[in-house]
Amino acid sequence: MEPDDIVKSLITIVGSFIQDQLLDQRKRDIQKEQCGERLAAEDESSSKETEVRYSDQAVLANLDWGMDALEEAISTSNIETKMARLDYAEKMLQVSAMLDTSDKTAGVPNFYLSAWAHLNLSYLWKLRNNVKNAVLHVLEMFSVDPFFSRIDFAPQLWKTLFLPHMSSIVGWYSEERHRIMMDLIPDSTDLSFTVDFDLYFNESLVFSMRPDQAEKLQNLEKLYGKSLDDNTRLYANYFKDCMNYGSATSKKAIPMLPIAEPPMTPLHEVSRKIPDYVKFGPILPKNAGFSPVLKDKQNASEPSSLNATHTTFKNLEDSTAWVNIEGIPEEIKDSPKVASPKQEGSGKKEARSILRLQSTRDIDFKIAISPEVHHDFSIGSAGSDNETKEWPKSVRKKKFAHGDERNTSYANVNNGALRESETGSPNFGSPQQSERSTQSRPPKDFVCPITTQIFSDPVTLETGQTYERKAIEEWMKRGNTTCPITRQPLFSNILPKTNYVLKRLITSWKEQHPDLPNELSYPGTPTSSYGTSKTSNLSQPRRFMQTTVATSPTSVISQAAVEAIISGLNPFVSCLSTSEDLQECEAAVLTIAKMWKESNADAGVHACLSTSAAVNGFMDVLSSSLSREALATTVYILSELLVADDDFRDKLTNMDPDFETLAALLTNGLFEAVVLIYLLKPTFSQINSHNLLPCLIQIISSKFQDSKDYEMVMNPKDAAIELLDQVLNEGDENSRSFIALSIISADAIPDLVTCLNKLDIRQSVLCILLCCIQTDKSCRNLIASSIDLCLILELFHDGNENLRGMCIDFLSELVQFNRRTLSNQILQIIKDEGSFSTMHTLLVYLQNAPMEQQPVVASLLLQLDILVEPLKMSIYREEAIDTLIETLQKKDFPNLQLMALDALSSLSGKSYTEAWLLNLAGFNKPYEAFMENEKLNMDHEEEKAAYSWEKRVAFVLCNHEKGGIFNTLEQCLKSKSINIAKKCLVITTWLVYMLYNLPDTGVRDSARKSLINQYMHILQSSKNIEEKILATVALRSFISDPGALDDIGGSAKAMYRTLRKLKKSSVIVGDIMKALMNLPSVNAAEMWSASEGFEVDSSINGEVLSLIYVKNRVISSHSDGTIKVWDASKRVLRLIQEVREHSKAVTCLYIPPAHDKLYSGSLDKTIRAWMFKPEGIHCIQVHDVKESVYGLTADTNSAYFFSQAAGVKVIGWSGVTKHINFKQSVKCIDMIGDKLYCGCSGISIQETDLQKASTTTFYSGARKLLGKQSINSICIHDGLLYTGGTSVDGTAGKVVFSITSRVLVGSLSSMFDIHCLAVSNDFIFGATKNGIIEVWLKERLTRVVSMKMSSGNIKITSLASDAEGEMLFAGSSDGKIQAWELN
């Protein structure tokens, strides 16, 4: 196998292992606890007098901190936090990873710490989506510390990656241990070679061991463990070389695959009488390679250390997939060859392998053979004529010039064993067993301990016990997780492959005992290739039913004619079996096919073609021929023989069907081969390992025509569909998705839809189409546009429970279009089509369906019912909604609750309901992303249809039993399951929103009482902003209800802070806040407080004359002509820039609404324009205005300013100067659009229309007889004009107007004169000359708090606030800037 292929396999296997670890926190916690106990044990075992160095403590602390940081990264959903924690974890873990492995740290071996660190680094790189680095760290772990890596850190991964390469070491160990134990156990001569010695190895046996025996066993365990570790390190380094090999390293040599060799020890020569397949295929002892050293006999009174670490090897069958993927060399992958004496003598003949479907590592051969047989057993008896005729393949080395070599060592072994039996030598078990054998009683090893009948499909579990497949499957389905005999736990719920060695021996024994009573034979265990059980009339293609063996004496072909055909066949069968000429064999195949067809599948002809010699001949043609006709004909014959007699499958399997040969033929374009592959019922791993998926999809998309001379027992396209269905049902979620996407990309959907017309494969096609829809929703349109739903409805009416469930899932998926009109069309077809009433059938099925099917059925039934305007009463609707509510109430079944919530969600007709609700609130990113991804453009008709559907659904749900559904949904919102609570939140929010868009039918009170408290709790406690916004959508609907508004008002103070934060993300929050503030029961003053923040001293630059806030920056101007730019993003002013281009005091600053420029006016009679830059501001224009500037505003055409003279000056950016003359002296100025507003002395406000160049009095207040009165500050915000000035009656000069209507909105109650104003989204700030700042709530003009400068009674010259009013900045005459935070 090429390094690139190995890399792909490593990434897949190791990546899957790491992903499982990341998903299971409990596994990680257990592993950390286990490793911590080992560290503690090492620390206790080290010398107590040795002082632990600080550097050693730091290393262990770094390892601990690194793992804690990694866990934090795994648990957080914030990307920035995750990346930061991963960076920190990497730094900490690298300290331990780079330790000198030959040293120790605090008494702990460094190799252990380093391996542990590498394991955690692999998790880290997986989280960074760098799988290659993750794999390299895992391999480094195995390289640094192979022992603890395979017993502590990743035992299952070691068994998958490395154990398949250790077969020679395992065989050596088993042989050596067998030899030692045979000497140790009393009466060991009565035991078989494959006995589990752990059953005999107890404490009393340990006490009876001689010192030399204990030493031998101890040395063997040490040597075996060391050999496993050395070879693990060897293969880990090889895998690392493969990972680092690539295009960038093309000059490097290709990594060479190492070979694991057993230790060279002075072993006793094993008797030749023990077959190799027994020596190298025994049951592995449970403590193989993991037992610590034996204690001395004088310490035997302590608990035996043999049981200290029990790691039970699973059946080596688990390694098959790895062998297939990684391409292990033939000398490792193939089973050991045992040549008979005759073969050894001639040196020309090679044995033929009986079984190629599995490696011998998959075979757990367990059969008792008496010691006498061991001594007298001979591998292959002397070649006799009879043997040559029985096994014609064993006498030739190479049949065809380009054929592959065949080996029959297992066949000779079995023959030899049978011949020993015939000569009277004891064959199995004790003499009593031999006597029973002569009386046609099967050996006990051939009988299932559960069924007490001869094995038909034996499987050997990891405990070493063998059972009938069907029996052990039933045992496990009942919930048992232990071996029925040994009671040892079973760590895998997937049964291993068939024990073909034992099965073959049983077949041989049956042939020798034809008088076997029928009751002793166990009926065959059918192996279905379907993921779900099918109806009886769909269990196999109908053509199979027609091909039956003709055994009736009234057959069309008379007995004489049949005998004539058989006589005519014999020469061709003989030619096929013995001829060395490939063309002769090909011609014989063609003739045999014609004669088989003429015989009408006669039983005698079938028996003639089913002999071992004939089957071997057929298989040789398949493996050697290049003629497409001959190959297709051979496949046809074997398929016919297999269908005519199901027992022929066992013979074909035993005689080497050569799955690799069939897979190669299929890959090379012989589509007929797929029929034989399907009939052989291959396993998922076999199909997957030979990468047959592209061929199967290609066959589905192709047009196949049978040969004119013969017709296959099954259409290749049908067989491909059945195999594809098998792969989908037996694969995991990732493989299912990959297969479905491959089908979609190959444009095979239309061909699959066409195949629905075939009843035999309709269920398989339906399963494939359903998987495609679930993987990629976009293919739903393609399927819906071409499918005949009558075919699906027929399946539903006629099928069993599983098939009906599949049909319901398919129809439910099919109607979930994001376009309502299309969904309604499909629903109408479902409702109208079919020979039976679909709704009535669904109702009956709903009443009897399994619990997990009921929500989907109820949803579909309800959608069909409300296709038209809902009636007052409908039995279908009532039953469907009752079912959904009952399912939601099953607290002990959270999966069922999730299904019911999904069903309710599908009723809304939108797969993007959550995004749609968020969009209503102004949080539109998820909605826009979905619409862009799905490329949805909803026209008016589509939106109208969707809204009409939603109203129908909401109406029937809300009004069912006077709103009873809301009480059930309340309980779901309280669920401890995050998924249930989140899905329920979306559904309830949608229902509440729709409820208040429907006429009130008296159920709103039920919704309010059940849900409003839950929404307020979510708003205050949830950490997810989307959940908070969904809660505000529901609360926004509730505030139109006076009763609900009062309920919300009771928690106004607790909610208000959260609502203010959400105001930036949701446009509807303002409506809720306004409604709360207007409640009489809410005291606004109690809801706010101000905390004094930082203070900045700029007195060196004189007074602070102006402040302005923009984009997290504060800009201040000073009396010495300085302008300063401060960074306020972190709630602390940090000076960014200081400029002094004005020669005198900068009296005013102005930023237009576009926030693109800054304008400054100064006593130096200039106005400057500034451009914003990341580092500060930059002056781009200077305008000499000839007069001192005390206040200004500007637009794109001109600047408007006032000086000490009356009126306002206008200077165009082109240099033209104008004067707007009115009598009053201007104190402040602001503008909106083309209207200019000036606050003047005499408590008046002048409005100037800049387009018309006309001035009018906007407001004029009452004057005092004595003293000066004026408007000191004006501010325009959200269409309102706010003023601050001197007081006549406590309010004059501090009023709020509507600009459009000139109507007085309210007044600001204060006893002080206001010298400057600032307005935010929520607050109005007014500052006085004695250092007091008063704050009014903008919504109600209610004073909520007052603040005072820390400097005392100092004049406040300027104010600035951020948009939300959370931060306020004040500048004073003593040159200080102080900040407050409002809560």
Side-chain angles (χ1 to χ4, degrees), residues 19-29 71 73-79 82 127 732-734 736-737 773-775 777 809 812-813 816 850-859 883-918 923 925-927 929-930 957 965-993 1010-1011 1013-1034:
Q19 187 68 28
D20 291 342
Q21 295 294 108
L22 290 176
L23 292 175
D24 194 337
Q25 182 180 358
R26 182 174 174 273
K27 281 185 180 178
R28 299 195 305 275
D29 292 342
E71 286 296 329
I74 295 174
S75 60
T76 184
S77 59
N78 186 288
I79 300 300
K82 182 186 291 290
L127 291 173
D732 55 20
E733 193 64 31
N734 292 333
R736 285 171 60 88
S737 298
I773 293 179
Q774 292 171 340
T775 302
K777 306 297 183 184
D809 290 338
S812 178
E813 287 284 352
Q816 292 181 28
M851 287 193 300
E852 61 271 11
Q853 277 291 320
Q854 290 178 3
V856 183
V857 181
S859 173
T883 299
L884 291 173
I885 292 177
E886 289 173 5
T887 306
L888 287 174
Q889 293 171 346
K890 298 181 185 297
K891 296 181 180 180
D892 296 333
F893 300 92
N895 289 336
L896 292 179
Q897 288 181 301
L898 284 173
M899 292 178 184
L901 291 171
D902 287 336
L904 283 173
S905 179
S906 68
L907 288 172
S908 69
K910 296 176 180 177
S911 60
Y912 54 98
T913 301
E914 181 180 357
W916 179 75
L917 289 169
L918 293 173
F923 192 76
K925 290 183 179 179
Y927 180 79
F930 179 87
L957 289 176
I965 192 173
F966 294 112
N967 183 47
T968 302
L969 291 173
E970 176 192 6
Q971 301 305 317
C972 291
L973 280 174
K974 297 177 181 179
S975 173
K976 296 181 180 180
S977 169
I978 297 176
N979 290 335
I980 292 177
K982 179 61 182 292
K983 288 187 177 183
C984 185
L985 175 62
V986 175
I987 294 168
T988 52
T989 302
W990 174 76
L991 274 178
V992 170
Y993 174 80
S1010 298
L1011 300 176
N1013 289 330
Q1014 294 302 314
Y1015 282 121
M1016 290 189 291
H1017 174 73
I1018 292 170
L1019 180 65
Q1020 298 176 65
S1021 63
S1022 177
K1023 297 180 180 179
N1024 186 302
I1025 186 171
E1026 295 183 358
E1027 293 179 0
K1028 289 176 178 288
I1029 293 175
L1030 288 173
T1032 62
V1033 172

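Worth saying up front: this structure is predicted, and the values here are computed from it rather than measured.
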Rounded distance (nearest 0.5 Å) linking atom CG of L917 with atom CZ of F923: 13.0 Å
Would you list the pairs meeting ring-ring contact (aromatic ring centres under 6.0 Å, His included) in which at least one residue belongs to residues 972-993, sequence neighbours left out? W916-Y993
Of all the heavy-atom pairs spanning S905 and I987, show the shortest one and how long it is. N-CD1, 4.0 Å
When you compare the side chain of I74 with that of R28, does any pair of heavy atoms fall below 4.5 Å? yes
How far apart are the closest heavy atoms of A1031 and I1018, and which atoms are they? CB-CG2, 4.3 Å
For the atom pair CG (L1011) and CE (M1016), what is the distance rounded to the nearest 0.5 Å? 11.0 Å
Name all pairs fulfilling the salt bridge (Lys or Arg N to Asp or Glu O under 4.0 Å) condition that reach into residues 970-987, sequence neighbours left out, sorted by first residue then second. D902-K983, E914-K982, E970-K974
When rounded to the nearest 0.5 angstrom, what distance separates NZ in K890 from CG in N895? 13.5 Å
Tell me whether the count of non-hydrogen atoms from other residues, nucleotides or ligands lying under 6.0 Å of NZ in K82 goes above 12. yes
Step by step, would you call T988 with Q1014 a side-chain contact (heavy atoms from CB on, under 4.5 Å)? CA-CA 11 Å; T988 52; Q1014 294 302 314; over 6 Å; no
Output for pair (N1024 CG, L1030 CG), nearest 0.5 Å, gives 8.5 Å
Greater than 12 external heavy atoms within 6.0 Å of L23's CG: yes
Decide yes or no on side-chain contact (heavy atoms from CB on, under 4.5 Å) for L969 and L991, but give the supporting numbers first. CA-CA 11 Å; L969 291 173; L991 274 178; 3.8 Å; yes
Test item: T989 side-chain N/O and L985 main-chain N/O as donor-acceptor pair under 3.5 Å: yes
Do you know which two heavy atoms are closest between S1010 and F966, and how far apart they sit? CB-O, 3.7 Å
CG of L1019 to CD1 of I1029, rounded to nearest 0.5 Å, is 10.5 Å
Quick one, S859 and L904 - any side-chain contact, counting heavy atoms below 4.5 Å? no
Would you mind reporting whether Q854 and E886 have side-chain heavy atoms less than 4.5 Å apart? no
Which is it for L918 and E1026 under the side-chain contact (heavy atoms from CB on, under 4.5 Å) test, yes or no, and what are the steps along the way? CA-CA 7 Å; L918 293 173; E1026 295 183 358; 4.0 Å; yes
Once you round to the nearest 0.5 Å, how far does CG of L22 lie from NZ of K27? 11.0 Å
May I ask you to decide if S812's main-chain N or O and Q816's side chain share a donor-acceptor pair within less than 3.5 Å? yes
Residues S1022 and K1028: closest non-hydrogen pair is O-CE, 2.8 Å
Show the nearest heavy-atom pair for residues T887 and L896, with the distance to one decimal. CG2-O, 3.3 Å
Give the intermediate values and the outcome of side-chain contact (heavy atoms from CB on, under 4.5 Å) for residues Q774 and E813. CA-CA 8 Å; Q774 292 171 340; E813 287 284 352; 3.9 Å; yes
